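In this chain, numbering begins with 1 at the start of the sequence shown. Everything quoted here is computed from the prediction, not taken from an experiment.
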Amino acid sequence: MTLLDLAPAVPARTSASASASLVRALHPLVSAEAMAEAAASATGAAVEPADLEQAVWLRLLERLAGEGPPVDPARWVREAVRGEARRARRTVRHECPYRDDTAADPAGCPERLALGADERRALRAAVDRLPGRCARLLAAMLAPSDPTYREIAGKLGMSQGSLGPIRSRCLGCLRRMLAAEVAAPELREKER
């Protein structure tokens with residue numbers, strides 16, 4: 001539904017064809033003024049040009065229904081757009097975002113907790129399948145107490161300087177092992 005559809009509903013003091021021609025004549029001016037006013041207010045509170053336009057058209061329909069068409073339509077449009085922009089900026093300044101303190105933390109939701117626990121179990125199982133000292137080294141590094149390299153080296157009977165290179169080789173082995181377990185994506189009807 002457009003303003004032109006509503007024009008016949010205007011009272012007899014303003015003819016429907018006069019209202020429709022006024023709307024057609026003012027459309028480019030209302031659009032341009034709303035765009036200019038929205039761009040001018042970009043430094044302050046944000047005002048959408050479409051919102052300004054809609055508010056001005058509503059004010060025009062109310063005026064046509066009550067007082068009739070404005071004497072100087074171009075001036076009336078400029079004043080109406082500026083007035084609606086001021087009102088919109090005042091409204092935005094007084095609005096405050098809704099903050100719901102009762103909403104649960106999405107990181108602590110049951111689904112994420114279950115997925116995280118499942119991923120940790122899969123990682124622990126993969127670490128346990130590693131060969132030789134890799135399983136012991138990575139298990140020690142993943143310990144909840146978060147031990148230092150010195151503590152890990154003392155516990156495993158290794159030199160502290162060799163932990164880094166061994167850890168790197170063990171992580172590479174773990175990466176290859178996990179990559180082999182993950183299924184390759186299907187080609188989706190494309191053959192090569």
Side-chain angles (χ1 to χ4, degrees), residues 1-123 146 171 175 178-179 181-192:
M1 180 178 282
T2 66
L3 285 173
L4 298 175
D5 297 331
L6 296 175
V10 175
R13 37 188 324 194
T14 307
S15 71
S17 62
S19 297
S21 65
L22 180 65
V23 168
R24 280 190 197 96
L26 291 180
H27 186 271
L29 181 62
V30 171
S31 296
E33 287 290 327
M35 189 71 75
E37 190 63 35
S41 69
T43 57
V47 179
E48 291 291 324
D51 293 342
L52 287 177
E53 245 184 280
Q54 182 178 5
V56 170
W57 287 124
L58 181 62
R59 282 180 63 179
L60 179 63
L61 282 176
E62 290 170 347
R63 178 172 176 113
L64 289 175
E67 305 168 34
V71 178
D72 185 3
R75 182 176 179 183
W76 183 89
V77 165
R78 284 190 287 277
E79 290 173 358
V81 168
R82 285 178 182 80
E84 287 300 324
R86 281 192 304 272
R87 185 191 57 74
R89 284 192 293 268
R90 254 192 329 266
T91 302
V92 168
R93 270 196 311 264
H94 295 300
E95 288 178 345
C96 60
Y98 177 71
R99 190 168 163 206
D100 185 11
D101 292 334
T102 62
D105 180 22
C109 70
E111 292 86 6
R112 289 195 186 191
L113 292 174
L115 285 174
D118 190 42
E119 288 172 354
R120 285 188 296 280
R121 274 192 297 275
L123 179 62
D146 195 27
L171 287 176
R175 193 174 299 118
L178 290 175
E181 291 178 4
V182 175
E186 296 180 18
L187 292 176
R188 296 187 186 183
E189 300 178 17
K190 294 181 182 178
E191 294 184 24
R192 294 184 187 206

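Annotation for Ala34 and Pro49: closest pair CB-O, 3.6 Å, computed over non-hydrogen atoms. Of all heavy-atom pairs between Leu52 and Glu84, the closest is CD2-C, 3.7 Å.
The side-chain heavy atoms of Val71 and Trp76, taken from C-beta on, include no pair separated by under 4.5 Å. Pro70 is listed as a side-chain neighbour of Leu22, based on a closest heavy-atom distance under 4.5 Å. Residues Leu60 and Leu64 meet the side-chain proximity criterion, which asks for heavy atoms closer than 4.5 Å.
For Arg82, the side chain to side chain contact (heavy atoms under 4.5 Å, CB included) partners are Glu33, Glu37, Arg78, Arg86, not counting sequence neighbours. Here Leu115 pairs with nothing under the side chain to side chain contact (heavy atoms under 4.5 Å, CB included) rule; sequence neighbours left out.
Here CG of Leu29 is found 11.0 Å from NE2 of His27. Values are rounded to the nearest 0.5 Å. A distance of 14.0 Å separates CZ of Arg59 from CD of Gln54, quoted to the nearest 0.5 Å. Here the CZ atom belonging to Arg63 is positioned 12.5 Å from the CG atom belonging to Leu61, to the nearest 0.5 angstrom.
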